[in-house]
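For reference, the structure discussed in these notes is given below.
These values consider heavy atoms only, across backbone and side chains, with no hydrogens, waters or symmetry-generated copies. Residue numbers start at 1 and run along the sequence shown. For clarity, every value in this text was computed on a predicted model and none was experimentally measured.
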Amino acid sequence: MEKISSSTEAASSDAKISSIFIYPIKSCRGISVPHAPLTPTGFRWDRQWLVVNQKGRAYTQRVEPKLALVEVDLPNEAFSEGWEPTKTSYMVIKAPGIDVLKVSLSKPPEIADGVSVWEWSGSALDEGDEASKWFTNYLGKPSRLVRFNAASETRPVDHLYADGHIVMFSDQYPFMLLSQESMDALNKLLKEPVPVNRFRPNILVDGCEPFSEDLWTEIKISQFSFQGVKLCSRCKVPTINQDTAIAGPEPNETLKKVRSDKVLRPDRKQQGKIYFGQNLVCKESLTEGKGKVVKVGDPIFVLQKVSSAAEAAA
């Protein structure tokens, strides 16, 4: 582990944030925002909602690629620190060939039991029959829209990698970071370049070397301390064109050749995985306090790093 010596005040930054993305409904389209408040589960509003089947099991793009075409919008002020919804605050949901759905941001009164996503199961807040009918019509199978019930539920991340941290309906960790340089390096290898929305990061940075985020174990974004806890392993979602919902072989075929554990971690236990991006947790997000907002343009300082992807947690 290499500790980078020099004060962040005097040092030039190692990268900067170029985009912030929030995905209010798991597996639906993200929102690009200029700033986002930190919460104990990640950026505010990220993966707070989930579409489930009649048994309460999560729908994701892996089995329902049409979710890629569902646009989600929140009021601009929802991303301001301390903002609370009123009775006239809505999440607006759109998809091809179907009327617009408006979901109140006020807390719904109904509880849905037996909701599950991956290893976790618990209760959630049910967004009601209108939302259920909308997603049922759109997907062509019984569906409900539920919201994470932070008042009664917690969903811890894997304690072996980030003990004490929690998420809502994210796959694994509160934040996922990717660099533009890694995107550019991958796209040079592809016959048809892919946009960053294939990889669904929360934080896109630029100004660093390609894949340098693999190595980051502790970084400072503005004044906040983030830990790189695990390389982000990739499922089939990057193969789904987010404009058409149609899957193809790329970019995963190319990633297998250059970003597999066989290539990056030849001496480690082989799991047949491919990696792209770094999962993060934030120390300061777990405690209350004002001013906890990350902004586009914020500098990134690398405080600690490993020397190769083979040394990184994965």
| task | Kindly indicate whether a cation-pi arrangement holds for Lys102 with Tyr90, taking the cut-offs as under 6.0 Å to the six-membered ring centre and within 45° of the axis. | result | yes
| query | Between Asp14 and Lys305, is the closest basic N to carboxylate O distance under 4.0 Å? | reply | no
| field | Considering all heavy atoms, the nearest Glu311-Arg268 contact | value | CA-NH2, 3.8 Å
| said: A side-chain contact here means heavy atoms from C-beta on lying under 4.5 Å apart; do Val306 and Thr217 qualify? | reply: yes
| message | For the backbone of Phe276 and the side chain of Arg234, can you confirm whether one donor and one acceptor N or O come within less than 3.5 Å of each other? | response | yes
| field | Distance-minimising heavy-atom pair for Met176 and Phe199 | value | CE-O, 3.3 Å
| said: If we count only N and O atoms by modelled type, under 3.5 Å, do the side chains of Ser225 and Glu284 hold a donor and an acceptor together? | reply: no
| Any chance CD of Glu81 has more than 12 other-residue heavy atoms, nucleotides or ligands included, within less than 6.0 Å? | yes
| query | Should Val72 and Tyr59 be regarded as members of a common hydrophobic cluster, given that ILVMFWY residues are connected when their side-chain heavy atoms come within less than 4.5 Å of each other, either directly or indirectly? | reply | yes
| field | Considering all heavy atoms, the nearest Ser106-Lys87 contact | value | OG-CA, 4.0 Å
| request: Indicate the atoms forming the closest heavy-atom contact of Leu178 with Met183, along with that distance. | output: CD2-SD, 3.9 Å
| message | Is the positively charged end of Lys230 above the ring of Tyr161, judged by distance under 6.0 angstrom from the centroid and angle within 45° of the axis? | response | yes
| query | Just by modelled atom types, is the Glu209 backbone N or O under 3.5 Å from a matching donor or acceptor in the Glu181 side chain? | reply | no
| query | Counting N and O atoms only, with roles assigned by atom type, does the side chain of Gln180 sit under 3.5 Å from a partner on the main chain of Val205, one being a donor and the other an acceptor? | reply | no
| note | Rounding to 0.5 Å, atoms SG (Cys208) and CD1 (Ile300) come to a distance of 7.5 Å
| Only one of Cys28, Ser170, Pro174 clears side-chain contact (heavy atoms from CB on, under 4.5 Å) with Arg47; which? | Ser170
| Is Lys269 salt-bridged to Asp261, going by a charged N under 4.0 Å from an acidic O? | no
| query | If you count the non-hydrogen atoms of other residues, nucleotides and ligands that lie under 6.0 Å from CD in Glu130, is the total more than 12? | reply | no
| message | Atom CD of residue position Glu192 - does it have more than 12 heavy atoms of other residues, nucleotides or ligands inside 6.0 Å? | response | no
| query | Any side-chain donor paired with an acceptor under 3.5 Å for Trp49 and Glu127? | reply | yes
| Do Ile111 and Val146 belong to the same hydrophobic cluster, where Ile, Leu, Val, Met, Phe, Trp and Tyr are linked whenever their side-chain heavy atoms lie under 4.5 Å apart, directly or via other members? | no
| query | Between Asp298 and Lys16, is the closest basic N to carboxylate O distance under 4.0 Å? | reply | no
| remark: Shortest non-hydrogen pair, Leu190 vs Pro251, comes out as CD1-CB, 4.0 Å
| query | Among side-chain atoms of Ser132 and Asp129, is any donor-acceptor pair under 3.5 angstrom? | reply | no
| said: Does Gln271, at its CD atom, have more than 12 non-hydrogen atoms belonging to other residues, nucleotides or ligands within less than 6.0 Å? | reply: yes
| Just how far is it from atom CG of Asn53 to atom OG1 of Thr136, taken to the nearest 0.5 Å? | 10.5 Å
| query | If Ile, Leu, Val, Met, Phe, Trp and Tyr residues are connected whenever their side-chain heavy atoms lie under 4.5 Å apart, and connections chain through other members, are Leu204 and Leu186 in the same group? | reply | yes
| request: Spell out, yes or no, whether Leu231 and Val157 are grouped together once hydrophobic residues are joined by side-chain heavy atoms under 4.5 Å, including indirect joins. | output: no
| message | Restricting to salt bridge (Lys or Arg N to Asp or Glu O under 4.0 Å), what partner residues turn up for Glu71, sequence neighbours left out? | response | Arg29
| query | Do Glu64 and Lys141 sit within salt-bridge range, that is, some charged N less than 4.0 Å from a carboxylate O? | reply | yes
| So, are Glu253 and Lys256 salt-bridged, with charged N and O less than 4.0 Å apart? | yes
| Are side-chain heavy atoms of Gln61 and Arg200 found at a separation under 4.5 Å? | yes
| field | Check: Ile31 and Phe21 side chains under 4.5 Å, non-hydrogen atoms | value | no
| Any side-chain heavy atom of Glu218 within less than 4.5 Å of one from Lys283? | yes
| message | Around atom CG of Asn76, are there more than 12 heavy atoms from other residues, nucleotides or ligands closer than 6.0 Å? | response | no
| request: May I ask you to check if Lys66 and Tyr138 form a cation-pi contact, with NZ or CZ under 6.0 angstrom from the six-membered ring centre and within 45° of the axis? | output: yes
| For the side chain of Trp134 and the backbone of Asp99, is there at least one donor-acceptor N/O pair under 3.5 Å apart? | yes
| Shortest non-hydrogen contact from Ile17 to Ile221? | CD1-CG2, 3.6 Å
| query | Roughly how far apart are Cys282 SG and Tyr173 OH, rounded to 0.5 Å? | reply | 16.0 Å
| request: Determine whether the aromatic ring centres of Trp120 and Phe148 lie less than 6.0 Å apart. | output: yes
| said: Could you tell me if the side chain of Asn202 sits less than 4.5 Å from the side chain of Leu177, heavy atoms only? | reply: no
